[in-house]
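Heads up: the structure comes next, in structure tokens.
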Amino acid sequence: MPSIREMRLRIRSIKNLAQVTRALETVSASKVRKAIQANEQTRPYAKKAWEVLVHLSRQPGRKNLHPLLADREEAKKDLVLLVTSDRGLAGAYNVNIVRHTLIAMREHDVPAVFVTIGRKGRDMLIRRRRPVIAEFSGLPVNPSFNVCAPIGKLVVDEYLSGNVDEVFIAYTEFISMLKQEPVIRRLLPLKPEEDSTIQYMSSPTASSRVFSYEPGAEELLDEIIPRFTALQIYQAILSAQASEHAARMVAMRNATDSAKELVGVLQIEYNKARQASITNDILDITGGAEALAQATAER
């Protein structure tokens, strides 16, 4: 059984740890509000851009409109853009999205290479000996579109060069402070129809409208499609950051509550040990006084 001094030091260390987790919870609460605001501000534009892309993919002769709209005959290699965090202390946030991605791509049954956003996802994939061709880390909180644009350019270049035949993005969709769901969505080529293993953002209803382009389809699509594809990546990063901060806030709150409960249990054990020590001291004093009284009576 640990001594009273050791128990006192343990209680003090757990209280200090609770102060740290409470501070991290406060910081995450501040960051998650900003992340939610940034996510909500870009969501309508990203959704409308996604609807435009889906409408483009339904146009007659889509294969001739733009290479990013054309289907490959057979997918021989996939590229997965995996969005995780740079830091831990977020509960099962990173583990859930990595596990969900690996299971989904295993069921897809096509060899895949990965581009990671966040050190945690990169480290997990490397430990599992998965091919990581590029990684982006150290993104600022609530990054701008220009910061994320190089990621979209890399993905589009890999697809246009023929190195990969399909591009997916895996991230955690922010739903509420207590609910975040891992999502995998196809970026390239655009396929509005549902897939049994791959999840999509809600697609607009089928439309028979045909777009006309001025001054020309090729010039406009060369600008619109890569930019809107990068916008989908940007929106996914914002949603993933909001999910990360929400998960970290909840994890730190649970850690603080657990520390308080542990301190309460240790305080009871400390009081019991202290009371036992006081009782032993009283017994020793009483025993000594009794022995002294007996010795005096014998003399």
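Atom set for the values below is all heavy atoms of this structure, side chains included, hydrogens, waters and symmetry mates excluded.
Smallest separation of non-hydrogen atoms from L154 and A134: CD2-CB, 3.7 Å.
Without hydrogens or angle criteria, E269 side chain to V265 main chain gives no donor-acceptor distance under 3.5 Å. Proximity of a side-chain donor or acceptor of S239 to a complementary backbone N or O of F174 within less than 3.5 Å is detected.
In this structure, CD on E25 lies 9.0 Å from CG on N254, to the nearest 0.5 angstrom. The CE atom of M105 sits 11.0 Å away from the CG atom of L82 when rounded to the nearest 0.5 Å. Interatomic distance, N94 CG to R99 CZ, rounded to the nearest 0.5 Å: 11.5 Å. With rounding to the nearest 0.5 angstrom, the CG atom of D78 is 8.0 Å from the CZ atom of R186. How far CZ of R22 is from CZ of R253: 12.5 Å, rounded to the nearest 0.5 Å. With values rounded to the nearest 0.5 angstrom, T116 atom OG1 is found 8.5 Å from D123 atom CG.
Contact check on E6 versus R10 returns no salt bridge, with no Lys/Arg side-chain nitrogen under 4.0 Å from an Asp/Glu carboxylate oxygen. Classification of K153 and D157 as a salt-bridged pair holds, one side-chain N sitting under 4.0 Å from a carboxylate O.
When only modelled atom types and interatomic distance are considered, H100 and E181 share no side-chain donor-acceptor pair under 3.5 Å. Counted by atom type alone, N146 and S144 present zero donor-acceptor pairs between their side chains at under 3.5 Å.
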List the steps and the verdict of side chain to side chain donor-acceptor pair (under 3.5 Å) for T172 and Q180.
CA-CA 6 Å; T172 305; Q180 304 89 36; over 6 Å; no
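Each of T229, V115, L187 was compared with V167 under the side chain to side chain contact (heavy atoms under 4.5 Å, CB included) criterion, and only L187 meets it.
Residues V110 and V155 fall into different hydrophobic clusters, defined by Ile, Leu, Val, Met, Phe, Trp and Tyr side chains chained together at heavy-atom separations under 4.5 Å. V164 and I233 fall within a single hydrophobic cluster, where Ile, Leu, Val, Met, Phe, Trp and Tyr side chains are chained together by heavy-atom contacts under 4.5 Å.
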